[in-house]
Structures are given as C-alpha cells and as structure tokens.
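Down below is the structure, laid out as structure tokens.
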Amino acid sequence: GGSGGGIFNQGTLTITKSTISENFAGTGGILSLSPRSYDMNGDGGGICNSVNGVLTIINSTVSGNQTELDPFRPGGSGGGIHNIGTLTVHHSTITANSSSLAGGGIANSAGGGVTVRSSIIAGNSSSAATASDVAGTVQSEGFNLIEDTSGATVTETANPGSNITGQNPLLAPLGYY
C-alpha cells in the first residue's frame with residue numbers, strides 16, 4: 001500500500017511546465033511534502049494530494065501512471081491524481097493513466113475540491129465500470145475536453161457550454177516528435 005507514486009503532497013505545491021509520468025503508487029516515490037506518511041491503499045499513481053494539500057498544476061502533463069492492477073492486491077483510485085485536498089489544474093493534459101478503482105485520470109474523494117480550466121482529461125482507464133477519466137465532483141472554469149464523465153459530476157462555474165465531453169482528442173503517446 002501507500003500513495004503518491006510520483007508525488008505525495010500534504011503541503012502547498014505548484015507544478016509548472018512539468019511531466020509526471022510512468023509512476024506506480026507508493027508513498028512519496030519522488031517527493032514527499034509531509035511531516036508524516038499515510039497508508040491510503042495505493043491511491044494516486046502519479047500524484048496523491050492529501051488532506052490539507054493545496055496542489056496547482058499548470059502547463060503540465062500527467063501520463064502513464066498507475067495504481068495497483070493486481071486483482072489479488074487491490075490498489076487505489078486516481079491512476080493519474082488522487083485528490084483529498086484542493087487541486088487546481090490549468091492548461092494541462094491528464095492521459096494514459098490507469099487505476100484499479102475509479103478515476104483513471106483524476107479521483108476526487110469526498111471533502112476534496114478540484115477545479116479544472118483549459119485542460120484535456122482523456123484516454124485514461126479504470127477497472128471500475130465507470131469513471132475512467134474522472135471520478136467525483138469537478139468544478140469546470142471552462143474550455144476543457146473530458147472524454148469520459150460517466151463517474152463524475154462536472155459543474156460549470158465559468159464559461160458555460162465551452163467544455164467538450166464524450167470526444168476522443170486523438171492524442172499521440174508521449175515522445176520526441
């Protein structure tokens with residue numbers, strides 16, 4: 001068990017112009033901003049934003065991360081990001097992440113707050129019947145492409161009607177082109 005394969009945040013963190021990729025859930029794999037560790041059943045393959053965590057992601061990519069997929073050792077939710085704190089995502093792409101529970105891209109747990117603007121959340125997968133891209137409640141400030149909203153409640157707080165849902169953005173894999 002453990003959470004935050006790439007980053008476990010319980011403080012205030014801003015990620016700008018970065019790529020968080022190819023991580024597997026395990027507490028504080030790259031960076032731990034916490035006075036103590038918590039076992040959260042492998043949530044957040046790329047990033048786990050814990051209680052009291054304030055995380056802002058700008059102009060970045062979260063891709064190719066995963067939680068435990070072994071049926072004999074069930075993992076957690078949020079292949080890309082698991083949020084229990086406050087998460088803001090602007091001008092970023094969350095894709096090709098996978099989880100054994102809900103929220104292949106983002107899983108927002110009760111008590112957490114997620115705000116997304118001008119971002120792509122698509123092409124993620126989950127072993128759950130729904131919520132391959134987003135699980136939980138998300139506040140949209142507009143201009144997002146969210147491919148699968150089946151496990152989410154998306155509330156438009158600004159720029160109503162500017163989101164695109166149910167469409168494949170036809171993203172290429174990460175690489176040097």
Side-chain angles (χ1 to χ4, degrees), residues 3-10 13-15 18-25 40-51 53-69 75-157 163-169 171 174:
S3 297
I7 298 171
F8 180 87
N9 179 50
Q10 193 178 354
L13 177 64
T14 299
I15 298 170
S18 299
T19 299
I20 309 298
S21 69
E22 304 304 323
N23 296 291
F24 183 82
M40 296 166 61
N41 301 318
D43 293 320
I47 302 169
C48 181
N49 190 43
S50 188
V51 175
V54 178
L55 175 61
T56 303
I57 302 173
I58 303 168
N59 295 327
S60 295
T61 300
V62 178
S63 178
N65 302 288
Q66 66 177 341
T67 64
E68 181 67 67
L69 300 175
S77 58
I81 303 169
H82 183 257
N83 181 63
I84 309 169
T86 301
L87 171 64
T88 303
V89 179
H90 289 175
H91 305 282
S92 296
T93 301
I94 300 170
T95 189
N97 300 289
S98 59
S99 72
S100 59
L101 299 176
I106 297 175
N108 185 38
S109 292
V114 175
T115 302
V116 181
R117 177 178 48 191
S118 301
S119 295
I120 298 171
I121 306 171
N124 300 287
S125 62
S126 169
S127 297
T130 62
S132 61
D133 287 317
V134 179
T137 301
V138 174
Q139 304 295 317
S140 171
E141 293 181 343
F143 308 104
N144 299 299
L145 189 155
I146 304 173
E147 185 174 2
D148 179 7
T149 60
S150 63
T153 300
V154 179
T155 304
E156 294 180 326
T157 58
N163 290 319
I164 298 171
T165 60
Q167 298 295 312
N168 182 342
L171 298 171
L174 289 180

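Residues take their numbers from the sequence shown, with the count starting at 1. Any value given below was found using the heavy atoms of this structure, including those in side chains, with hydrogens, waters and symmetry copies removed.
Counting only distance, with no hydrogens or angles, the side chain of Thr67 and the backbone of Ser100 share a donor-acceptor pair below 3.5 Å. The backbone N or O of Ile81 lies less than 3.5 Å from no partner atom in the side chain of Asn49, so there is not a single donor-acceptor pair. The backbone N or O of Thr95 sits less than 3.5 Å from a side-chain atom of Ser63, completing a donor-acceptor pair. Between the side chain of Glu147 and the main chain of Gly123, a donor-acceptor pair closer than 3.5 Å is present. A donor-acceptor pair under 3.5 Å is absent between the side-chain atoms of Ser127 and the main chain of Leu101, judged by distance alone. A donor-acceptor distance shorter than 3.5 angstrom exists from the side chain of Ser92 to the backbone of Ser60, with no hydrogens or angles considered. For Asn23 (side chain) and Asn65 (main-chain N/O), no donor-acceptor pair under 3.5 Å exists by modelled atom type. No donor-acceptor pair closer than 3.5 Å links the side chain of Asn144 to the backbone N or O of Ile121. Judged by distance alone, with hydrogens and angles left aside, the side-chain atoms of Asn124 form no donor-acceptor pair with the main-chain N or O of Ile106 at under 3.5 Å.
Closest of all the heavy-atom pairs between Ser126 and Ala102 is OG-CA, 3.6 Å. The minimum heavy-atom distance between Gly76 and Asp43, with the atom names listed, is CA-OD1, 3.0 Å. The minimum heavy-atom distance linking Ala131 with Ser150 is given by the pair N-OG, 3.2 Å.
When side chains are defined from C-beta on, Leu171 counts as touching Ile120, because their heavy atoms get closer than 4.5 Å. When side chains are defined from C-beta on, Ile15 counts as touching Ile7, because their heavy atoms get closer than 4.5 Å. No side-chain heavy atom of Val116 sits less than 4.5 Å from a side-chain heavy atom of Leu87. Side-chain contact between Ile57 and Ile94 is absent, with no heavy atoms from C-beta onward closer than 4.5 Å.
Ser119 contributes atom OG, which lies 7.0 Å from atom NE2 of His91 (distance to the nearest 0.5 angstrom). We find the NE2-CZ distance between His90 and Phe143 to be 12.5 Å, quoted to the nearest 0.5 Å. How far CD of Gln66 is from OG of Ser99: 10.0 Å, rounded to the nearest 0.5 Å. From Ser77, atom OG reaches atom NE2 of His82 across 3.5 Å, with rounding to the nearest 0.5 Å. Atom CZ of Phe8 and atom CG of Leu13 lie 12.5 Å apart (nearest 0.5 Å). One distance of note links CG of Asn97 with CD of Glu22; it measures 9.0 Å at 0.5 Å rounding.
The residue from Thr137, Thr153, Asn83 that alone fulfils the side chain to side chain donor-acceptor pair (under 3.5 Å) condition with Asn108 is Asn83.
Inspection of the Asn163 and Thr165 side chains reveals no N or O donor paired with an N or O acceptor under 3.5 Å.
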